[in-house]
Every structure is written in structure tokens, then in C-alpha cells.
Amino acid sequence: MAGVRLSVPAGRWLVFTTVLGSAMALLDSTVVNVALPRIGLDLGADLPVLQWTVNAYMLTLAGLILLGGALGDRFGRRRVFVTGVVWFSLASLVCGLAPNAGVLIAARALQGIGGALLTPGSLALIQSVIHHDDRARAIGLWSGFGGIGAAIGPFLGGWLVDGPGWRWVFFINVPLAAVCVPVALRHVPETSNPRAHGRFDVLGALLGAATLGLITYALIAAPRKGASPAVVVPAVAGLALGVIFVLVERRRREPMLPLSIFSSHQFSAVNAVTLCVYAAFGGFFFLAVLDLQVVVGYSALAAGTALLPTTTLMLLLSARSGELGKRIGPRIPLTVGPLLCAAGMLLMTRAGVGAVYWRDILPALLVLGMGMVVVVAPLTATVLASVEVARAGLASGVNNAAARAAGLIAVAALPLLAGMGPEAYRSADAFGDTFRRAMPICAGVLVLGAILAWRTVRSDALEQVGEEVGAQAEAGAPAGAGAAARAEPGEGAVRPEGLVCHPECAYHCGVAAPPLDPGDLSAPPPLDPDGRRSGT
């Protein structure tokens, strides 16, 4: 397929519908947290229920996002994207109608399945349909408008909660889907990867999700049940399933997660930094919106508005941060960024009873926001540069899933580590005390990430191709392995020596995970059998 130009209506409709679809998932990562206190009061729920309201969604999304990309490559990206949008909106409707906490949590898990189908497909559609000459501009529009959606998420969530009610945080996805689906079916052509074949690694996906689910259950249940069999048995079972998951992925011919990708020491190092950074982010944003409402006394709208500086700074400055990372290398940004974030979280301990926004809260959010600006764009670039181009989509998908898994575990573990009881969020004094204990824990995890970055990330990681990457290229990637975000152009290609796969997304506003980004290879066309460049 020659590709659709962005100047024609079909190209503009495609960008519109992919922005609209991905915005549903981006908004969910910010608007739901703002609604948590009101959900708890309305449903008579304790803190573990609020944790599961966040984690049920993150669990299925993190566990299935790699599989969702593979389904799109095999059965058609538009088909799977539309299926994901419909699934997500129907699950959102059930969330909004939920009569009790159990139904809400189950519907949130279903919502995560929809997110795992639509999230990889939105960017993959642009990659595979838009003409190569217009692709950079189309992805810029996609990431820019998506960034705006993520940035206004807390404000929108607060306005909905204080206005029509918390259920509209979920209902709003239904009209978005009602516009997105017909546009996609009418204006977006179907694409797939003809090289995608073999069996889907459903067993691997289920084992991964079960591992995360059991460990999460044990961490959330521990404050109430202690070291009882109800906690110890799921924890041990989760760890055992994790070992089985690794063994299964190592032995399968076409695994969901090819473990050989971790033979790149740089890739493994950057993912370790990712785990630290996004664990701290996940824990912070879960507790901060509760603190602002429960302790400081803000309304949902005021709490959502208070958090705008962090995402606004990311929207305005992330592109410049990416350019800076290219010039000076990723080692310094990946070290300094987490340290700035740690300082911001320590400053946030001033957000107690009687706190004044401009004096006690805004400085913390500005420092945190600058740290996020510094770290996120170079992190994504380093992930893509640490593997050969044939695995860029897989690398981005693994990094995205790792970040979501880190946030999932942090939301489960942080209240336990900080000593938050099940009813803590109902008392300003009790929650304020535990919040002040939680922020140093988050800061400590970020400092650990900074130390890892300084000791393991190469300054030239965005300039050169290491020998370890060449070894991966010789091994080759299993068919369909890069399906998390990989589109047809460049599939199966091995990165020429000395060339680096650079990110195509310029705006980074998601606080739950780095963006899925298959990258762009600024390389000459491959040689044809006569030794000439193809297309010349």
C-alpha cells in the first residue's frame, strides 16, 4: 500500500479517530484517581477497594498489552483497534452503573482488556497507513493531542466528580467511542502484517497476569490479614508462577516475551530504571490525589487542577528534553531526572492540614514536573536505541508493560510499607501521617533508579550500536514478537551498523507509563541484489 497522505480527508480522519481512541485510555490513567475518595464514600469502600479500582485495570492492561499488539498484526489493526474501543466503552458503562465495589472492580479488569487491544493499535494504524513522508507530522499530531488529553485529565476528572458525579468519569468514554468507531470503520483502511504467523502465546499472557494478580492480592490484603495463610499462600503462588512464566517463555518457539531481548545489558539496565521511576510515579499519583482531598481539604476539581503543573510541563518541554538527551547522551538526564522527582516528592510532605497551595504544594509539583520532563523522553529514546530495529516495537511494548507493572505493585505495596490501615483515608490526621511516611519511600526508589542509571547507562547509547545488539540481530526476532507497536515499514530489518532507532513521539504526558513508540530509523534504503539502494 502506497500510503495515505495527511493532506487528504482520509489521512486527517485517521489521525482524528486514533487520537480519540487512545485518549480514552490516556484519560483513564489520570481521571479515575481524582474520583477515588468520592467512589469510596459512595460505595462504602475501604482503602483496599480503592487500590483494586486502580489495579484491576492496570493488571489486565499490563499483562495483555503485548498480546494485544500481536492480535492486531495478525487479524487486522483496524479490526482489533475498533474491538478494543467498543470493549473499553462497554466496560466503562458497566463501571459507571456499578452498584457495588465488586462489580466496579470486575468491570475495571474488563476495561483493561479493552485498553490492551486499543492502545497498541492506535499508533500502529498511523505507522502502517499514513504515507512515509507525512508520518512524522501525523505522529506529532497524535502525540500532541494525546498529550493535551492526558494533561487535562485531572482537571476534567475533578470537574465531572464535583458536577454530575464520579460515574461520569466512566460514562464519558461511551460518547467518545460512539464517534470513534464509525469514523474508523468508514475512513480507516485495514492493515495487517503478512509475516505474522504461528500460535499466540496465550499461556504466557495468562501466567504473567496471574503472577502480578496474586502478588498484588497478597500486598493489598497484608495490612488487614497480616502474615496469615490468606496472604502467604497467594504470595508464594505468585512467585512460583513467575518462575514458571520465565521457564515457559524461555522454551516456547514464539513467546510473548522473548527473553533474549534482555541479552542487551543496556536494555535491561534501562528497564530497571523504568521500574524504579514508574513505581514511584504510580505510588505518588495514587496517594497525592487522596491527600489533597482528604488532608488538605480540596474538592475533586481543585485537586485535579492542582496537579496540572506536572503534566503541563511535560507537554510543553518533553520535545526539548528529547533533543537535549540526543546532544548530551541519556546518562545525565536519567540520573538527574529521578533525583529531581525525588526532591519534589519530599517537598510534597508539606501538603498537610492547612497547607497553602502556592507555598507548600506548587513548588513540589513544579520540581516533580521538571524531573519528569528530564527523565521520560530520554528513557524512551534509550530503550529504542538499545535493540536492533526489528525489535524496536517489542522493546517499547516491554518497557511500557514494565512501567505499568511497576505502578501496579507500587499502588499495592506502598500503603502496606507506610502503615496505612483500611480506613486510613477517612481520617485527615491518619492519612496525613502515613502520606508523610510514604513520600520518602517513593523518593528512595527514585534515588535507587538514579544510581542505577549513573552506573549502567552509557552516555553514547543514543549514538552507537553496541556489539551486544549485533549479537541479538544474528539471533533474530521471532515472527510477530515486535507486534506491541510495530508497523509494516521496516519489519524484519536489521539496523545497519552505527545507526540508531529514534523515538517518533515528541510529547510525553502519560504518568502511568512511557508511550508505545516503534521508533523511526533514519537509515538509507537496503541494498538490492545488484548492490544498489532500493528505490534509487
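It should be emphasised that the depicted structure is a prediction, and the values quoted were computed from it without experimental measurement.
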**Q** Please report the closest heavy-atom contact between Tyr425 and Pro37, naming both atoms and the distance.
**A** CE1-O, 4.3 Å
**Q** Is there any salt bridge (Lys or Arg N to Asp or Glu O under 4.0 Å) pair reaching into residues 105-114, and which pairs are they, with sequence neighbours excluded?
**A**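 Pairs touching residues 105-114 that pass the test: Asp28-Arg108.
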**Q** Heavy atoms only: give me the nearest Thr211-Gly242 pair and the separation to one decimal.
**A** OG1-N, 3.2 Å
**Q** Applying side chain to side chain contact (heavy atoms under 4.5 Å, CB included) between Leu408 and each of Ile215, Leu212, Val54, report the one that passes.
**A**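 Answer after filtering Ile215, Leu212, Val54: Leu212.
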**Q** Decide, yes or no, whether a salt bridge links Arg320 with Glu323 under the criterion of side-chain N to carboxylate O below 4.0 Å.
**A**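 Judged by the 4.0 Å cut-off on N to carboxylate O distance, Arg320 and Glu323 do not form a salt bridge.
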**Q** Can you list every pair that meets salt bridge (Lys or Arg N to Asp or Glu O under 4.0 Å) and has a residue in residues 397-417, with sequence neighbours left out?
**A** none
**Q** If the plane angle is over 60° it's perpendicular, under 30° parallel, otherwise tilted; pick one for Phe262 and Phe267.
**A**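 Judged by the thresholds at 30° and 60°, the geometry between Phe262 and Phe267 is tilted.
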**Q** Would you check if there is a donor-acceptor pair between the side chains of Arg391 and Ser260 at a distance under 3.5 Å?
**A** yes
**Q** Tyr298: what forms a side chain to side chain donor-acceptor pair (under 3.5 Å) with it, not counting sequence neighbours?
**A** none
**Q** Determine, using ring centers only, whether Phe284 and Phe281 are less than 6.0 Å apart.
**A**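 For Phe281 and Phe284, the ring centres are not under 6.0 Å apart.
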**Q** Looking at every heavy atom in both Gly68 and Val80, which two are closest together, and how far apart are they?
**A**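 That closest heavy-atom pairing would be O-CG1, 4.1 Å.
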**Q** Nearest heavy-atom pair of Arg252 and Leu203: which atoms, and what distance?
**A** NH1-CD2, 3.7 Å
